[in-house]
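Shown next, in structure tokens, is the structure this report addresses.
Residue numbering restarts at 1 for every chain, and letters A, B, ... go by the order of the sequence lines.
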Protein chains: 2
Amino acid sequence: MTKRAGIRDVAREAGVSPATVSLVLNDRAATRIPASTQERVRRAAADIGYSPNSVARSLRTRTTRTIGLISDEIATTPYAVRMIEAVQDGARAHGHLVFLVSTAAERSLERDAVAALRDQQVDGLIYACMWHRDVEVPQGMPPGSVVLDGRPDRAGYPAVVPDDRRGAEVAVQALVDAGHRRIAYVDIDEDPSPLASGLRHEGYLAVLAAAGIDPDPALHVKGSADAVGARDAAGRLLELPPGRRPTALFCFNDRMAMGAYSAARRHGLEIPTDLSVVGYDDQQLIAAELDPPLTTVALPHYDMGRWAVEVLLGSREAPPDQGVMLMPCPLITRESVGPPPAEQKEPGRRRT
Amino acid sequence: MTKRAGIRDVAREAGVSPATVSLVLNDRAATRIPASTQERVRRAAADIGYSPNSVARSLRTRTTRTIGLISDEIATTPYAVRMIEAVQDGARAHGHLVFLVSTAAERSLERDAVAALRDQQVDGLIYACMWHRDVEVPQGMPPGSVVLDGRPDRAGYPAVVPDDRRGAEVAVQALVDAGHRRIAYVDIDEDPSPLASGLRHEGYLAVLAAAGIDPDPALHVKGSADAVGARDAAGRLLELPPGRRPTALFCFNDRMAMGAYSAARRHGLEIPTDLSVVGYDDQQLIAAELDPPLTTVALPHYDMGRWAVEVLLGSREAPPDQGVMLMPCPLITRESVGPPPAEQKEPGRRRT
DNA sequence: ATGAAAGCGCTAACAT
DNA sequence: ATGTTAGCGCTTTCAT
């Protein structure tokens, strides 16, 4: 890289002082400087390819137009990159650049990251979780930093999470509307249980209650978070005697719905004819690609990410005091939901 | 944020000059300053919680310990975030922070990003593609910047891409080793055809040739890149008369392998008993979760990302002149490959 | 309407 | 062995 042109180079070229160049190039010239001079300055700048050194400017103005995005993990839940993209887009819209640092949720790395970012004088910090959870805000996070997809343990940090309870309601309601009354919840078996697990269970129960359906505890099963765990859990459900067997499965997530598909297949059940399935997450490359495509509830990653930057950069109101913003999770209707089978029948034969 | 302590605060506290503090804190004190003074300085710094302002330091040293990572897209191929993570990790290992900017592959955004990053005085730039392709290096990219998962159109840019040809060879060889001789290539139908498509085809043909198998053009089919397109393409293959039908499918990617699974299922074929399938990408949340788990070839995203930072930051040799580094793609053996069925039989019955 | 000069917080020559 | 000084490239009073 050859030496970059500086403001004094422009000044010399235009026959004015550096101060004037600064004024003009920052649109602070308003009334002060005649259009002709402004024109001359801009020409000179363009001619020599001048572009201000952000570091010097930052030192002087004490604002860097950068933000830091700390994410606890990045690769495990690939679809959550939508949050990163959203933060990116929002930052760009505000003329900011973003430092990304992922910390694998290690406390010491988190502290280092916060410190490094503060040393860089970032204008704001976002702490992003890759899944809805309680978060212990890292030491040194300046108040005003926003928490993304997590619930901060301390006040002073605006936060946004998906409205999992409401999302589950929408999902289960869709099943009720299709005529189902024996609806199972294929839950995740993890310790500690994710916040989303409980919230979605609440939503599930609320809709059943509202529909006058007595919840059958046997229809709340748990399996490990992968397709195999879900396949087994769903399998147990499908082995229930005809009268007790569910006609619809609400699955904790799309990955588990994928397992439910396997179980149905192994039981000779057609989706959605013999069994309806709803997932959660709207995970790219799963939900839409399953056969048949999966009806699911979308996690509003992009919206949450956008919300976070905008609150951080002040273009949107933070929720009053301790309030956590609940972002709606829309139902994505595809083809895995149908009316319940006319009667409880024997495991069907595959169509030929 | 209350006013940060500065180096002069530490100096006053320790009863020395700012210069001494700088020396000590940067481990440049070597022989010059007695241990006792050093200790005093460090104590003072710790006491008042001093941490140097990176912006000021950068202005002075003309090096920022930051790098810029420009990625053409981020959300579409979620598994490619492994590259970002790798860059992250490598940067951290070198004490650098990374600016992430995604440009949706728009030329004007790319140019803006390059300019903004240069204004920030980043120490280096990486241009990352989300899939192996030819890249027109954005205007203003300083020579020495590295291209990740792409082939630059100009010299002066070290680059790394997956060794798709060799990867395909390994995949098809696994099939040959299992005893297959009628092996199809379920290719992607896209215009322009991705580099990987052609390279993998070459690898496929090379292995067949080496095994003395005459390639049957009817076994090279194409489908759209989603599960449905692949299902149809694979379906056509499975409808071939017994003697011509393939016993194994090499799929362009895991998503298409997923479609092949659907097709097999619809034809009453069991995997791997009746049909073997190999994918490509080792896409998280697909390959491992399919039933049965998919044998596939991994794209070395992490390794490539790591390579890129290390070359950028000088801890690894760049390939000689125009050379593009080919990163090996390892075979991930799971359960979708078996020996060919004893004889061409009628579509099998599902196990009960 | 413009310029001179100070200074953001640090580091690196150069003195002492 | 340590301190003084002069900037890094900009912005911003304050003078003129």
Using atom CG of B/Leu23 as one end and atom C1' of C/dA13 as the other, report the distance to the nearest whole Å.
-> 12 Å
Any donor-acceptor pair under 3.5 Å linking the side chain of B/Tyr157 with the backbone of B/Tyr127?
-> no
According to a strict under-4.0 Å criterion, is A/Arg57 in side-chain N/O contact with OP1 or OP2 of D/dT11?
-> yes
Quick note, B/Arg60 side chain, CB onward, closest among C/dT11, C/dA12, C/dT2 is C/dT11
Heavy-atom pair with the smallest gap, counting every atom of A/Ser102 and B/Arg92 | O-NH1, 3.2 Å
Would you indicate which nucleotide in D/dG9, D/dT11, D/dA1 comes nearest to any side-chain atom of B/Leu59?
-> D/dG9
Nucleotide nearest A/Arg62 when distance is taken to its side chain, options D/dT12, C/dG9, C/dT11 = C/dG9
Which part of the nucleic acid does A/Ser58 contact within heavy-atom distance under 4.0 Å: base, sugar-phosphate only, or nothing?
-> nothing
So B/Arg107 and B/Glu110, salt bridge (Lys or Arg N to Asp or Glu O under 4.0 Å) or not? Walk me through it.
-> CA-CA 5 Å; B/Arg107 303 305 294 175; B/Glu110 282 178 2; 3.0 Å; yes
So which nucleotide from D/dT11, D/dT12, C/dT11 ends up closest to the side chain of B/Thr61?
-> C/dT11
Please report, rounded to the nearest Å, how far the P atom of C/dC10 is from the CG atom of B/Asn26.
-> 11 Å
What nucleotide, of D/dT2, D/dG3, C/dC10, holds the atom closest to the side chain of B/Pro34?
-> D/dT2
Side-chain donor-acceptor contact under 3.5 Å, A/Ser315 with A/His94 | yes
N/O (side chain, B/Thr20) to phosphate O (OP1/OP2, D/dT2) under 4.0 Å = no
Could you check which of D/dT4, D/dT11, C/dC10 has an atom nearest any side-chain atom of B/Ser17?
-> D/dT4
Whole Å only: how far is the CD1 atom of B/Ile7 from the P atom of D/dT5?
-> 17 Å
Presence of B/Thr37 side-chain N/O under 4.0 Å of D/dT2 phosphate oxygens OP1/OP2 | yes
Could you tell me whether the phosphate oxygens of D/dC8, OP1 or OP2, come under 4.0 Å of any side-chain nitrogen or oxygen in A/Asn53?
-> no
From C/dC10, D/dT2, D/dT4, pick the nucleotide closest to the side chain of B/Ala56?
-> C/dC10
Once you round to the nearest 0.5 Å, how far does CD1 of B/Ile7 lie from CG of B/Asn53?
-> 10.5 Å
With heavy atoms under 4.0 Å as the rule, sort B/Val55 into base, sugar-phosphate or nothing.
-> nothing
Once you round it to whole Å, what is the distance between C1' of C/dG7 and CZ of B/Arg8?
-> 10 Å
